[in-house]
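Below is one structure; the comments refer to it alone.
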Amino acid sequence: MSASLEGKTVLITGGAKRVGAAICRRLHAAGANLMLHYRSSAAAARALKSELTAQRAGSVALVQADLLKLEALPNLVKATIKEFGRLDALINNASSFYPTPVGEITEKAWDDLIGTNLRAPLFLSQAAARELRKAHGCIVNIIDIHAEFPMKNHVVYTTAKGGLLTLTRSLARELGPEVRVNGVAPGTILWPDDDTWKDEVSRQRIINQTALKSIGEPDDIAKAVEFLIAAAPYVTGQVIAVDGGRSVNL
């Protein structure tokens, strides 16, 4: 699929680090122009922009926003159109992730986890719908295999991702035939930045739950995203699990 996105423009949320950065690198290598959103990772965003624009000048722009502020979301689309003149794909990648055991769930945690993982993708998709229809574009939502297989002590996060899975299918009906909407559900790709599953015993237990007995790479997710954008014109309303077969063992 080399250069399969030449002349296309992609808006990605949370694109500065981890899986988001891997998606940016792969789509950029395929020829796409990128509007890279970040919230607080300014240094990482600038570094990635410098890396990619050194390969192709003028191909990456940055936009900062707190996705919990709904009034900021249309500005991401406006900034993309102003910079590149079109929008072909939206990737809802930004996500908050941390445990919320029953008895310790707070309104703040609810607002944050639901806000980043479900509310923002809905309202950003709504804001982008007009431009995506014009371009006969697509939306790719980064979900989670735990949307269908809830993870203990993560009630709010898994609820939000479950909602995002349903939103993906609902938007496919609402925005078709002009816009395709699909999702990618990662399994064990990167360990969390915090101390969750820090010990090797816990990590090995999770790895052993996969059919392939290995952890994945961020580029595994990026490849699935590229496929859905560039090589799947008759696929919509679907979610691809990229989990090494973990979901069949849960």
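Sequence positions, counted from 1, serve as the residue numbers for this chain.
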Could you go through the side-chain contact (heavy atoms from CB on, under 4.5 Å) check for Tyr157 and Asn117 one step at a time? CA-CA 8 Å; Tyr157 172 79; Asn117 290 293; 3.9 Å; yes
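- The main-chain N or O of Gly245 is found under 3.5 Å from a side-chain atom of Asp243 such that the two form a donor-acceptor pair.
- No donor-acceptor distance shorter than 3.5 angstrom exists from the side chain of Arg180 to the backbone of Gly137, with no hydrogens or angles considered.
- In this structure, Ser125 and Leu171 have side chains that are in contact, with non-hydrogen atoms separated by less than 4.5 Å.
- Looking at heavy atoms from C-beta onward, Asn153 lies out of side-chain contact with Glu104 at the 4.5 angstrom threshold.
- For the pair Leu34 and Leu52, the minimum side-chain heavy-atom distance is below 4.5 Å.
- In this structure, the side chain of Gln64 engages the main chain of Arg39 through a donor-acceptor pair within 3.5 Å.
- Summarising the geometry, atom CD belonging to Glu71 is positioned 9.0 Å from atom CG belonging to Asp66; distances are rounded to the nearest 0.5 Å.
- Ring centers of Phe97 and His154: under 6.0 Å apart, within the cut-off.
- Here the CD1-CE distance, from Ile12 to Met35, works out to 13.0 Å after rounding to the nearest 0.5 Å.
- Of all heavy-atom pairs spanning Asp144 and Lys161, the tightest one is CB-CG, 4.0 Å.
- Distance check, rounded to the nearest 0.5 Å: CZ of Arg119 to CG of Leu67 gives 10.0 Å.
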Give the intermediate values and the outcome of side-chain contact (heavy atoms from CB on, under 4.5 Å) for residues Ile229 and Val140. CA-CA 8 Å; Ile229 295 175; Val140 179; 3.9 Å; yes
Please determine whether side chain to side chain donor-acceptor pair (under 3.5 Å) holds for the pair Arg56 and Asn33, giving the CA-CA distance in whole Å, both sets of side-chain angles, and the decisive distance to 0.1 Å. CA-CA 9 Å; Arg56 182 154 42 89; Asn33 294 320; 3.2 Å; yes
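- Checked against Val225 for a side-chain contact (heavy atoms from CB on, under 4.5 Å), the options Ile240, Asn182, Ile23 give a single hit: Ile23.
- Residues Val77 and Leu68 do not share a hydrophobic cluster, clusters being chains of Ile/Leu/Val/Met/Phe/Trp/Tyr side chains in contact below 4.5 Å.
- Counting heavy atoms from C-beta outward, Val19 and Pro186 have side chains that stay 4.5 Å or more apart.
- Within a 6.0 Å sphere centred on CD of Glu178, other residues, nucleotides and ligands contribute more than 12 heavy atoms.
- In plain terms, the two heavy atoms of Ile143 and Gly183 that are nearest each other are CD1-CA, 4.0 Å.
- At a threshold of 4.5 Å between side-chain heavy atoms, the hydrophobic network of Ile, Leu, Val, Met, Phe, Trp and Tyr places Val179 and Leu122 in one connected group.
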Given the rule in the side-chain contact (heavy atoms from CB on, under 4.5 Å) test, do Leu36 and Lys49 qualify, once you have shown the distances and angles that lead to the verdict? CA-CA 8 Å; Leu36 192 162; Lys49 177 184 176 181; 5.9 Å; no
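- Side chains of Glu226 and Ser4 form a contact here, defined as non-hydrogen atoms less than 4.5 Å apart.
- The CD1 atom of Ile114 sits 10.5 Å away from atom CG of Leu164, with the distance rounded to the nearest 0.5 Å.
- Side-chain contact check for Leu228 versus Val184: some heavy-atom pair is nearer than 4.5 Å.
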Report the C-alpha distance between Asn92 and Thr13 in whole Å, list the side-chain angles of each, state the deciding distance to 0.1 Å, and finish with yes or no for side chain to side chain donor-acceptor pair (under 3.5 Å). CA-CA 6 Å; Asn92 287 305; Thr13 63; 4.6 Å; no
Pair Ile142-Ser95, side-chain contact (heavy atoms from CB on, under 4.5 Å): steps then yes or no: CA-CA 9 Å; Ile142 305 302; Ser95 172; over 6 Å; no
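- Surrounding NZ of Lys213 are more than 12 heavy atoms belonging to other residues, nucleotides or ligands, all under 6.0 Å away.
- The number of heavy-atom neighbours closer than 6.0 Å to CD of Gln55, taken from other residues, nucleotides and ligands shown, is above 12.
- Between the side chain of Ser59 and the backbone N or O of Thr53 there is no donor-acceptor pair closer than 3.5 Å.
- Contact detail for Arg133 and Glu174: the closest heavy-atom pair is NH2-O, 3.5 Å.
- In the hydrophobic clustering of this structure, Val235 groups with Leu5; members are Ile, Leu, Val, Met, Phe, Trp, Tyr whose side-chain heavy atoms approach within less than 4.5 Å, directly or through other members.
- Residue pairs meeting the ring pair (Phe, Tyr, Trp, His ring centres under 6.0 Å) criterion with at least one partner in residues 34-64, sequence neighbours excluded, are absent.
- The two residues Ala109 and Val156 have their closest heavy-atom pair at O-CG1, 4.2 Å.
- Note that OG1 of Thr9 is 10.5 Å distant from CD of Glu131, once rounded to the nearest 0.5 Å.
- Using a 4.5 Å cut-off on side-chain heavy atoms (C-beta onward), Val10 and Asp88 make no contact.
- Without hydrogens or angle criteria, Arg169 side chain to Val181 main chain gives no donor-acceptor distance under 3.5 Å.
- The nearest pair of heavy atoms linking Gly14 to Asn93 is O-ND2, 2.8 Å.
- When all heavy atoms of Thr116 and Pro121 are compared, the pair lying nearest together is O-CD, 3.4 Å.
- Side chain of Gln238 to backbone of Thr236: a donor-acceptor contact under 3.5 angstrom is found.
- Atom OG of Ser96 is separated from atom CG of Leu113 by 6.0 Å, given to the nearest 0.5 angstrom.
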